[in-house]
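Convention: sequence-line order gives letters A, B, ...; per-chain numbering from 1.
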Amino acid sequence: MKGSGSLSSLRAALDPGRYWSRAGEQLQTTTSGAAVARFGQYAVLPLLAIAGGLGPSYFGIRWTFAILVIVMYALLRSRSGLFGMVVLGAMLVYLPHQMDTFERGIMFDIALYALLGIGLNVVVGYAGLLDLGYVAFFASGAYLYALISAPQFGGGFDVGTSFWIVLPMAMVLAALVGIALGVPVLRLRGDYLAIVTLGFGEIIRIMINNQDGVTNGPVGVFAIPKPHFGSTELSGPVELYFVVLAGCFVAAFAAERIRDSRVGRAWEAIREDEDVASSMGVNTTAYKLMAFAIGAAIGGGGGVIYSAKQSAVFPSDFNLDVSINVLALVIIGGMGNVRGVILGAMLLIGLPEVLRDFSINIAFIHLDNLGADYRLVIFGAALVAVMILRPEGLLPARRRQAQFEPADVLEPEVAT
Amino acid sequence: MSGEATSAVAPSASAGAPSAHLRLDGVVSGYGQIKAIKGISLHVETGEVVALIGANGAGKSTTLRTISGLLRPSAGEISFEGKRIDRVAAHDIVRMGISHAPEGRAIFGRLSVLENLRLGAYQRNARAEIEQDLERVLTLFPRLRERVKQDGGTLSGGEQQMLAIARALMARPRLLLLDEPSMGLSPVLVETIFRTVIEINRAGTTILLVEQNAAMALQVARRGYVLESGAVALEASAAELRASDLVRKTYLGEA
Amino acid sequence: MQEWIQLLIDGITIGGVYAVIALGYTLVYGVLRMINFAHGELFMMGAFTGYYTLNGFEKHSSLNDSVPVLTIAIAIVLGMVVAVTLALVMERIAYRPLRRAPRLAPLISAIGVSILLRNIMLRATNAQGKVYPKVFPRTAVEIGEIRLLYVQIFLIVLSFVFLGLLYLFIQRTKAGVAIRAVAEDRDTASLMGINVDRTIMTTFAVGAALAGAAGVVYGMFVTTATSGMGFIPGIKAFTAAVLGGIGSVPGAMAGGYFLGISEAISTKFFGAQYKDVVAFVLLVAVLIFRPWGLFGKREDKRA
Amino acid sequence: MKIGKRALLLAAMLATLTMVLAACSSGTSSKDKTATAGAGGAKTPAAGATTAATKAATGAAGSITVKKGDKIKIGISTTLTTDNAELGIPIRDAALLAIKTKGTIKGFGIEGDPQDDGCAGPASVTAANKLIADGVVAVIGPMCSGGAVAALDPLSGANMLTVSASATNPSVTAQGKKNFFRTAWNDATQGAEMAKYAYTTLGKKNVVLVNDQSTYGKGLMDVFKASFTAAGGKVASEEAVTVGEKDFGPTVTKIKGESPDLVVFGGFIAEGAVLVRQLKDAGVTASFMGADGIADQKYIDQSGGAAEGSYVSRGPKPTDTKLYDAFAAAYKAEYKKDAGQFTEQATDATNIVLAAIEKVATVDGSGNLVIDRQKLIDAVAATSYAGASGQIDFDAKGDRKVVGAVNEIDQVKSGKLTRIQ
């Protein structure tokens with residue numbers, strides 16, 4: 001009990017938002033309390049910094065990334081309006097030019113996963129449908145582009161269709177796949193839905209793996225051409241990073257607009273209590289399918305870009321880990337919140353990679369290959385730590401933050 | 001866990017009123033930032049039946065949940081038989097002699113009637129005594145005896161209410177918290193339930209009763225409190241309350 | 001015909017393993033409404049404990065040859081102890097602080113624990129699969145074309161025994177009834193004087209003990225332990241638990257065997273590469289007609 | 001209060017941003033200390049918009065300069081996580097040993113830079129990007145075929161010399177990337193040789209094929225099937241196992257029902273060892289044959305004795321094993337473990353790369369070592385090297401030419417891999 005007490009106070013110290021709101025009355029009366037709270041506000045930054053890869057120079061770590069994470073956290077958290085967004089945009093556009101190949105690769109991956117996260121967030125965060133098979137849509141998009149565009153010796157059909165035509169096609173295809181998945185499972189709730197969608201993701205991967213005639217099986221599809229923009233070939237990670245970044249902005253904008261519309265309110269009603277929503281006349285079937293379709297379309301688009309960037313796709317690229325990663329970044333970032341998704345992607349996708357360089361060289365301690373060997377160990381521990389310290393995610397959606405404010409009860413409420 | 005619980009059982013600061021069985025002093029409690037009760041003070045003496053009446057959302061159930069430890073008060077003190085209990089965990093409060101039959105019955109629907117009843121005596125170990133008590137409550141509620149093997153969820157509303165009370169009695173409480181025992185029951189059943197409540201009280205159990213059915217509650221109770229938006233609006237003997245304008249107009253539906 | 005019986009036996013063998021692991025999922029889900037993704041890793045840790053124990057006996061004594069019953073029993077008990085300890089630590093550190101957090105937070109925490117344990121063992125073993133010493137003779141009972149290894153019989157019987165014991169525990173003991181009560185309504189359970197925290201820990205411990213023991217016996221059956229060996233059975237067990245109706249003890253058992261047998265039979269028809277497809281299609285089919293699983297009860301509106 | 005906080009935050013952010021930019025501009029140059037893109041690169045930047053990007057990229061084309069006092073970095077892309085690390089770690093160790101043995105080139109020290117490629121496409125691409133950014137001169141790896149196919153995209157973009165010791169699938173060289181070579185044998189060669197041996201030498205006519213659903217395993221079995229049926233043999237059925245599973249009971253039962261006289265497995269140790277034992281447990285009497293994915297003592301150890309008698313194809317090998325024995329002895333002396341599968345190819349790959357560096361590297365006026373990427377690749381293409389894994393000459397696609405070697409077949413006898421062909 002004692003441990004949990006100190007833990008929760010630590011958590012409170014690290015979470016200024018909650019600290020302010022919960023202990024507001026108490027704090028404003030005592031200046032020392034306010035000082036603690038203010039300290040808490042900034043205490044979270046070093047934590048993120050370490051997570052994102054910063055540290056004193058005797059930790060072998062990438063500075064650029066660490067600073068990027070911190071600045072992004074500050075910007076995203078402060079909701080600093082237009083100016084902040086402009087700064088953020090400028091950073092996201094400018095920084096990759098200053099990065100090396102590895103970091104650009106990571107930036108691409110982060111942006112791609114942020115895009116997937118925005119898509120999954122529609123399903124999980126907005127409509128409250130737990131989907132563990134999101135990779136299915138990603139895979140459909142990726143394979144559609146791969147098969148249509150790769151030459152025959154690379155396992156494709158060499159149809160010669162341009163990236164820009166396949167992109168919307170893939171989104172429509174994925175949306176249809178999403179609806180096809182949605183129809184049989186609409187009656188299911190919560191964790192039943194989770195396992196069925198997980199199974200669906202696996203089925204898609206297994207089918208791709210075994211339908212050699214169509215997909216070239218485990219050998220994969222390769223020599224996938226890069227897209228062109230005008231006469232420019234978008235060949236490097238930076239160019240495609242911009243494509244995916246643009247995709248993120250469009251998707252994020254669209255997702256937030258939809259959330260704030262009538263559709264979004266219907267989703268919210270379904271998420272809070274499906275029976276009530278249904279009795280209030282919300283067509284739950286249609287709205288749930290719509291969430292699946294929108295989420296899937298974004299995933300399919302992400303797949304096309306992935307395929308183009310990777311130049312080779314394999315069934316094993318689309319395993320359960322992808323779904324889990326996307327879900328984890330949505331939750332770690334703060335469910336129902338696009339800003340959180342971006343931050344979640346930075347941590348979840350960026351962290352294991354920047355940890356490759358992690359080493360400790362303090363005095364006589366020389367752990368040079370610490371990151372290379374133990375990065376996944378550290379990563380697993382970090383997942384647990386972030387969740388314990390910030391159970392609502394790094395940047396919880398405003399409404400949720402209030403909703404999940406814990407009561408000081410001795411016995412927990414039954415989670416519903 | 002238990003270490004903290006014992007240390008919390010310290011002599012009450014308000015031990016100045018020695019005879020008080022249960023005492024609440026300026027208790028503030030609720031869910032998160034929403035405080036459903038805002039400084040309630042009340043007391044229940046040994047052997048009494050005390051009624052808490054009030055409208056929906058007045059904080060009646062929250063009061064009971066705070067007493068039984070389901071909610072932790074953010075301010076104020078609660079003491080029972082001279083010991084502070086406001087930091088004691090719910091399961092230890094049961095051991096101290098308070099039993100709570102919660103609102104909406106809260107029967108374990110997938111457990112049999114018998115299992116439900118035995119759970120009531122979860123804290124106790126004396127097997128023979130438990131069997132005795134089982135016999136006693138089944139005599140008190142003959143309807144339950146016919147259904148001991150059935151799942152709790154299959155009982156009718158009235159039977160579930162009986163089960164909830166019977167189950168609470170299985171803990172051999174010195175104080176019984178009853179939350180809306182008449183809710184959703186037919187008048188005949190309400191009558192039966194309340195007759196039983198009186199019987200239980202006569203057998204020596206102090207009762208704190210929360211009711212919307214103020215007429216019924218005030219027939220059974222000796223004293224009563226009227227709660228309005230989380231605070232005590234009125235405290236008096238049952239007869240006085242029945243006669244008061246506030247109660248007559250608002251809770252007894254008289255013109 | 002004999003091939004069919006053999007397939008059935010194969011299915012029951014792996015199905016029993018799924019069932020035993022699935023119980024851990026279903027119990028924890030029952031009390032916490034939480035998918036303990038790291039549960040399969042407890043199974044893996046059990047398998048490693050079994051290896052280290054039996055290998056220790058092999059290297060430093062001749063007990064494996066003289067009294068294999070004893071060494072196997074010790075290995076199983078140690079496997080349980082290690083798994084239970086880990087589960088309790090896990091619960092305390094990674095899950096309990098999240099008891100009142102949004103419901104997906106513990107899921108991610110559990111995924112973190114799963115990644116952590118897998119990679120710790122990968123490093124600890126330097127990615128080398130560990131091979132069990134020969135404790136169990138690899139001889140078989142033969143009836144016509146049907147062959148059953150002794151260790152396989154042991155595995156099958158033991159899974160039945162575990163399931164039976166667990167069923168009795170849940171149905172008949174005070175602690176078992178407390179678990180069921182907490183699963184149904186945590187608040188009311190605490191009003192009965194049930195210590196909810198302790199009951200949740202009991203639940204984790206029971207599930208972990210089963211997984212740990214299953215890990216040891218399965219390790220003896222397949223004779224190896226690797227860091228990744230818990231992941232797939234974990235997912236399968238999760239599937240089995242849902243198939244049977246998550247939260248339901250008989251459901252988890254039935255789901256495990258159902259899944260194991262359907263995998264065996266679909267291997268015959270479609271090849272092993274499609275067995276998961278068949279399993280998941282069956283799952284969807286079952287859930288379409290019974291959205292709460294084979295043995296699950298309709299969730300009341302609160303869940 | 002609120003406004004103040006926000007203003008403070010913005011100020012802090014601006015300050016940080018300035019710092020970022022400063023750190024970056026200096027960071028870039030410091031990062032490229034070991035290896036900077038030389039002037040006169042052959043490859044032209046794709047477009048104006050990407051000029052900045054190309055400039056920052058380390059040695060995207062042209063030549064690499066190793067500053068005086070720095071070390072020559074050799075990238076090693078192999079699998080260090082997941083169960084496949086069983087094969088990946090020894091590959092890394094063999095490459096590191098070769099680097100250590102070589103010591104210096106023209107007075108410059110050499111160091112290995114191992115990166116985890118996860119035996120899969122995405123992680124291999126990340127590892128490749130990392131190695132490019134680290135300024136390595138060449139890459140040994142990637143370990144797996146799928147990873148190699150994907151990683152060749154960034155690696156060839158950087159004109160990076162890449163030599164894999166273990167990526168065997170035909171698809172890897174099918175793209176015709178000029179910077180790629182392999183000391184591993186193309187499965188097209190090995191699969192055909194295995195089929196020939198099974199049909200002709202062993203006289204097996206009815207086989208069951210089992211693959212692990214990986215690029216390598218499935219690819220190899222496809223080649224085997226084509227050659228075996230062309231020769232007149234019959235493939236009774238094609239089965240699969242799932243990587244990570246440990247109980248293949250139903251698959252084994254099905255194989256038993258086919259009554260084959262040979263079971264051929266395409267996959268790695270973890271599954272191969274379990275499969276062979278379960279076949280034996282089930283009373284399947286057919287012989288068992290696997291390939292280089294299981295050609296390792298660990299396969300025998302993990303099978304708990306069931307591997308006895310199984311055939312293991314190791315790809316073409318010289319009949320003279322003097323060089324191999326020397327390597328194996330050195331490896332054992334260094335790591336106290338037997339040299340595993342692909343380690344000899346890994347040491348050869350590393351030695352070829354180091355020899356090529358030695359040949360083309362020049363020390364310039366200021367004492368820096370300059371290595372021209374294209375010349376380095378050309379030097380490797382022209383290699384004729386007698387190594388632990390046999391005579392190595394590359395064809396135009398980067399595959400090994402089969403010269404002076406036969407497909408080695410081992411049989412497990414008394415718990416050891418014993419060469420029988």
Side-chain angles (χ1 to χ4, degrees), chain C residues 2-14 17 47 118-119 122-123 125-134 138-140 142 145-147 149 151-152 218-219 221-233 236 260-261 263-269 271-276, chain D residues 79-90 92-93 210-213 218 237-259 268-275 277-278 280-284 296 298-306 335 337 340:
Chain C
Q2 292 190 334
E3 191 182 355
W4 286 101
I5 295 172
Q6 182 75 57
L7 281 172
L8 197 65
I9 292 169
D10 294 335
I12 290 172
T13 311
I14 188 74
V17 175
R118 243 183 295 155
N119 284 285
L122 185 80
R123 285 300 138 212
T125 57
N126 206 15
Q128 297 287 310
K130 296 294 181 192
V131 187
Y132 272 62
K134 271 192 192 135
R138 294 204 79 77
T139 42
E142 282 184 76
E145 286 289 296
I146 302 162
R147 277 173 71 98
L149 292 174
V151 61
Q152 196 173 2
Y218 187 69
F221 170 52
V222 301
T223 72
T224 50
T226 57
S227 60
M229 75 185 288
F231 191 71
I232 292 178
K236 294 290 174 61
I261 292 167
E263 278 188 3
I265 290 171
S266 55
T267 299
K268 169 72 183 161
F269 275 113
Q273 58 271 49
Y274 287 109
K275 70 180 162 48
D276 292 350
Chain D
T79 303
L80 303 175
T81 53
T82 75
D83 286 350
N84 280 330
E86 201 159 45
L87 283 169
I89 291 172
R92 175 195 68 187
D93 292 346
V210 185
N211 72 73
D212 68 349
Q213 307 186 57
K218 180 70 166 58
S237 80
E238 286 178 85
E239 302 301 326
V241 293
T242 304
V243 173
E245 286 190 359
K246 296 266 176 270
D247 176 19
F248 307 134
T251 304
V252 167
T253 301
K254 196 176 169 192
I255 293 172
K256 194 179 178 187
E258 301 285 355
S259 318
F268 294 106
I269 298 165
E271 285 68 44
V274 171
L275 179 65
R277 202 203 41 254
Q278 288 179 1
K280 191 158 187 203
D281 286 346
V284 175
D296 194 297
K298 281 177 230 135
Y299 158 67
I300 301 164
D301 296 344
Q302 290 183 22
S303 74
Y335 297 113
K337 275 184 283 193

*Would you give the length of the straight line joining atom CD of Gln302(D) to atom CD of Gln128(C), rounded to the nearest 0.5 angstrom?*
7.0 Å
*Between atom OG1 of Thr251(D) and atom CD of Glu263(C), what is the distance when rounded to the nearest 0.5 Å?*
9.5 Å
*By side-chain contact (heavy atoms from CB on, under 4.5 Å), which residues pair with Gln273(C), not counting sequence neighbours?*
Asn210(A), Gln213(D), Ala240(D)
*To the nearest 0.5 angstrom, please state how far the CZ atom of Arg138(C) sits from the CZ atom of Arg277(D).*
5.0 Å
_Is Lys280(D) close to chain C through its backbone or its side chain, or both, or neither, when contacts mean heavy atoms under 4.5 Å?_
backbone
_What part of Phe221(C) gets within 4.5 angstrom of chain D, counting heavy atoms only: side chain, backbone, both, or neither?_
both
_Residues in side-chain contact (heavy atoms from CB on, under 4.5 Å) contact with Ile232(C), at least two apart in sequence or another chain_ = Lys236(C), Thr242(D), Glu245(D)
*Any idea which of Thr125(C), Thr267(C), Ile9(C), Asp276(C) has the most non-hydrogen atom pairs under 4.5 angstrom with chain D?*
Thr267(C)
*Engaged part of Glu145(C) at the chain D interface, taking heavy atoms whose separation is under 4.5 Å*: both
*asked:* Quick check on Lys298(D) against chain C: is it the side chain, the backbone, both or neither that has a heavy atom closer than 4.5 Å?
replied: side chain
*Which value, rounded to the nearest 0.5 Å, describes the distance between Lys130(C) atom NZ and Asp301(D) atom CG?*
11.0 Å
*Could you check Ile265(C), Ile261(C), Asp10(C) and say which one makes a side-chain contact (heavy atoms from CB on, under 4.5 Å) with Pro250(D)?*
Asp10(C)
_Top of Ile146(C), Thr13(C), Asn126(C) for chain D proximity - count of heavy-atom pairs under 4.5 angstrom_ = Asn126(C)
_For a quick check under 3.5 Å, do Lys268(C) and Thr253(D) share a side-chain donor-acceptor pair by atom type?_
no
*asked:* As an exercise, state the distance from CG of Asp247(D) to CD of Gln152(C), rounded to the nearest 0.5 Å.
replied: 7.5 Å
*Would you call Leu122(C) and Glu86(D) a side-chain contact if the rule is heavy atoms closer than 4.5 Å?*
no
*Part of Ile14(C) lying under 4.5 Å from any heavy atom of chain D*: both
_Residue Val243(D) versus chain C: region with a heavy atom under 4.5 Å_ = backbone
*asked:* Is Ala270(D) close to chain C through its backbone or its side chain, or both, or neither, when contacts mean heavy atoms under 4.5 Å?
replied: neither
*Under 4.5 Å from a heavy atom of chain D, the part of Val222(C) involved*: both
*asked:* Once rounded to the nearest 0.5 Å, what's the spacing between atom CG of Asp281(D) and atom OG1 of Thr223(C)?
replied: 8.0 Å
